[in-house]
Visitor: 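Dropping the structure in here first, questions after.
These numbers come from a predicted model, not from an experiment. Lettering follows sequence order; numbering is per chain, from 1.
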Amino acid sequence: MSLGVHGVNKSFGGLRVVDDVSFQVQAAELTGLIGPNGAGKSTLFAVISGFQPADAGCVRFDGHEIQRLSAAARARLGIARTFQVPRPFAHLTVRENLLTGARDQPGEHVFNLLCRPGVVRQRERQIVARADAMLEFLGLTRVAGERAGALSGGQQKLLELGRALMTEPRFILLDEPYAGVNPVLIEEIERRIRTLSEQGTGFLIVEHNLPALARLAARLLVMDRGRLIASGTPAQVLADRAVQEAYIGGGP
Amino acid sequence: MSAAVGLNLAVAGLIQGLLIALAGLAVSLCFAVARFPNAATGDFMTFAAYAGVAAQAWTGSLLAGAASAVLLTAGLAVASYVLVFRNFRGRSLVAPLIASIGLAFLLRSVLTFFVGFDQHSFHVPIARAIVFAGARVRPIDLWLAGTSAVTLLAVLAVLFLTPIGRRMRAVADNPELARASGIRARAVMLTLWTLIGACSAVGGVMLGLQTVVVPEMGWNLLLPAFAAAVLGGVGNPTGAVLAGIALGLVQALSTPLVGFTYQTAISFILLIATLVLRPQGLLGRAEPVR
């Protein structure tokens with residue numbers, strides 16, 4: 001299974017934020033996407049997940065072109081994304097935030113609520129059990145009943161990761177999962193990502209914490225000013241002159 | 001005023017309050033999830049009352065009349081979403097608000113074209129009022145209060161106790177994140193408009209049962225309904241219900257002071273005062289931070 005972009009362009013106003021980017025990511029190969037601020041990484045995420053339409057090019061998932069699908073449809077297809085700055089469902093409880101991510105809820109149909117309450121209840125119990133296991137893993141069990149808006153920034157970050165995982169994704173786009181998270185928890189999340197990756201879930205991770213990402217990723221993609229400038233193993237990429245110049249040189 | 005007069009006013013106010021709560025809940029649900037104040041809510045109620053009267057005349061049963069009114073009005077609300085409001089997705093609230101005002105006038109014109117301006121009324125068996133501690137209560141009023149209360153609780157139960165309600169609240173809270181969670185917007189919106197229609201319908205039939213069915217009946221209830229939605233905290237359905245009941249009581253109990261004619265002015269004053277002094281509503285639900 002793979003996720004790929006082919007000749008993707010995206011401009012805002014006159015500025016070309018993503019400039020003819022093509023790559024393919026295999027689920028078996030955990031991949032990191034790095035680049036200086038403003039390189040177009042988050043915009044590319046938005047194009048892949050369906051939150052921004054591409055001006056040109058196509059997005060393929062598992063062999064199918066998906067650029068015409070809505071963001072919600074892509075999520076149901078198995079592409080989950082997290083947001084760089086998490087903004088949870090503030091008025092819902094922490095547990096309810098996780099429950100929104102669960103799919104196959106018979107209780108979202110009025111017919112089932114009225115005519116098959118047993119089915120709805122049974123599925124609801126399963127989902128709640130899964131959400132509670134996720135809360136346990138994220139260390140959020142203590143605040144399960146609180147409104148998500150009351151959580152600290154770091155906790156909201158974890159909740160955002162948990163919500164994405166609850167959608168049972170086949171491919172996950174993580175936008176800076178470590179930013180604002182304490183080092184102990186970073187190791188926990190790293191372990192979890194590794195386990196999921198070994199079980200076959202694909203990952204594309206944007207992260208500025210390069211040492212942490214290099215530990216995790218089998219492959220790195222590098223973007224600078226909208227273009228893909230390098231790709232390869234972390235060792236290869238970090239030794240690349242163009243990459244070093246993009247990060248250190250900065251200038252035109 | 002004497003205790004008996006006060007009690008009578010309180011009973012009348014409670015029933016009026018439950019009616020305002022139904023309309024306020026319909027307004028608040030729409031504002032919370034679809035994000036615009038639906039000025040057609042009152043005319044959904046008027047439509048329901050006429051549909052109920054017609055269905056009662058046809059079937060001879062008040063219950064069948066009320067049930068038909070709920071089904072038809074839910075259908076009308078869903079149709080108004082599919083044909084009108086769906087097109088304004090992602091736009092500011094001005095466009096759907098203006099469209100809803102237009103829809104309100106359209107509904108009323110179509111109704112008066114077919115049924116004219118004559119008064120209609122439900123056929124209600126005449127029964128002796130029950131006297132309790134000096135307060136006179138008609139049996140029909142007990143039915144009105146009971147049905148309204150059950151409807152209000154049922155709608156809130158769907159919203160807070162079921163998976164579809166959870167998804168509605170998620171969309172209301174953060175539409176973007178709801179998309180990332182794969183929530184089907186269409187299923188949520190169809191359920192939302194069914195609830196709005198059903199809620200307005202029960203309110204309309206109750207209003208018609210209480211007095212008479214005329215073309216302006218729903219429109220006249222729109223101001224108190226908006227006041228309840230704002231007082232309860234914009235986009236907070238539970239708050240709208242509580243504020244609606246409170247508003248009915250305040251209106252009724254103020255009658256000896258300001259007279260019957262100026263009752264509605266109280267809603268207006270409270271609405272303006274809330275918007276100026278405490279825009280987050282009395283229950284203080286702040287809008288989510290962007």
Visitor: Can you tell me how far the CD1 atom of B:Ile183 sits from the CZ atom of A:Phe89, to the nearest 0.5 Å?
Guide: 5.0 Å
Visitor: Quick one: does B:Arg179's side chain have a donor or acceptor within less than 3.5 Å of a partner on A:Ala72's backbone?
Guide: no
Visitor: A side-chain contact here means heavy atoms from C-beta on lying under 4.5 Å apart; do A:Glu160 and B:Leu177 qualify?
Guide: yes
Visitor: If you check every heavy atom in residues 45-71 of chain A against those of chain B, which residues fall under 4.5 Å?
Guide: A:Gly50, A:Phe51, A:Ala71
Visitor: Is it the case that over 12 heavy atoms from other parts of the model lie below 6.0 angstrom from the CD atom of A:Gln26?
Guide: yes
Visitor: One thing to verify: whether B:Glu176 and A:Arg87 come together as a salt bridge, which I'm taking to mean a side-chain N less than 4.0 angstrom from a carboxylate O.
Guide: no
Visitor: Would you say that more than 12 heavy atoms from the other residues, nucleotides or ligands in this model lie under 6.0 Å from the CD of A:Glu136, or not?
Guide: no
Visitor: If you compare all heavy atoms of B:Ala170 against all heavy atoms of A:Thr100, which two are closest, and at what distance to 0.1 Å?
Guide: CB-CG2, 3.7 Å
Visitor: Hey, is CG on B:Leu83 packed in by over 12 heavy atoms from elsewhere, all under 6.0 Å?
Guide: yes
Visitor: Can you list the steps and then say if B:Ser181 with A:Arg163 is a side-chain hydrogen bond (donor to acceptor under 3.5 Å, both in side chains)?
Guide: CA-CA 7 Å; B:Ser181 283; A:Arg163 183 201 55 75; 2.9 Å; yes
Visitor: Identify the heavy atoms of B:Arg167 and A:Ala102 that sit nearest to each other, and give their distance.
Guide: NH2-O, 2.8 Å
Visitor: Taking A:Ala90's backbone N and O only, do any of them form a donor-acceptor pair with B:Asp173's side chain (distance below 3.5 Å, no angle check)?
Guide: yes
Visitor: Does atom CZ of A:Arg194 have more than 12 heavy-atom neighbours, drawn from other residues, nucleotides or ligands, at distances under 6.0 Å?
Guide: yes
Visitor: Let me know if B:Ala185 has heavy atoms under 4.5 Å from chain A in its side chain, its backbone, both or neither.
Guide: neither
Visitor: Checking side chain to side chain contact (heavy atoms under 4.5 Å, CB included) against B:Arg166, which of A:Asn97, A:Thr93, A:Leu99 comes through?
Guide: A:Leu99
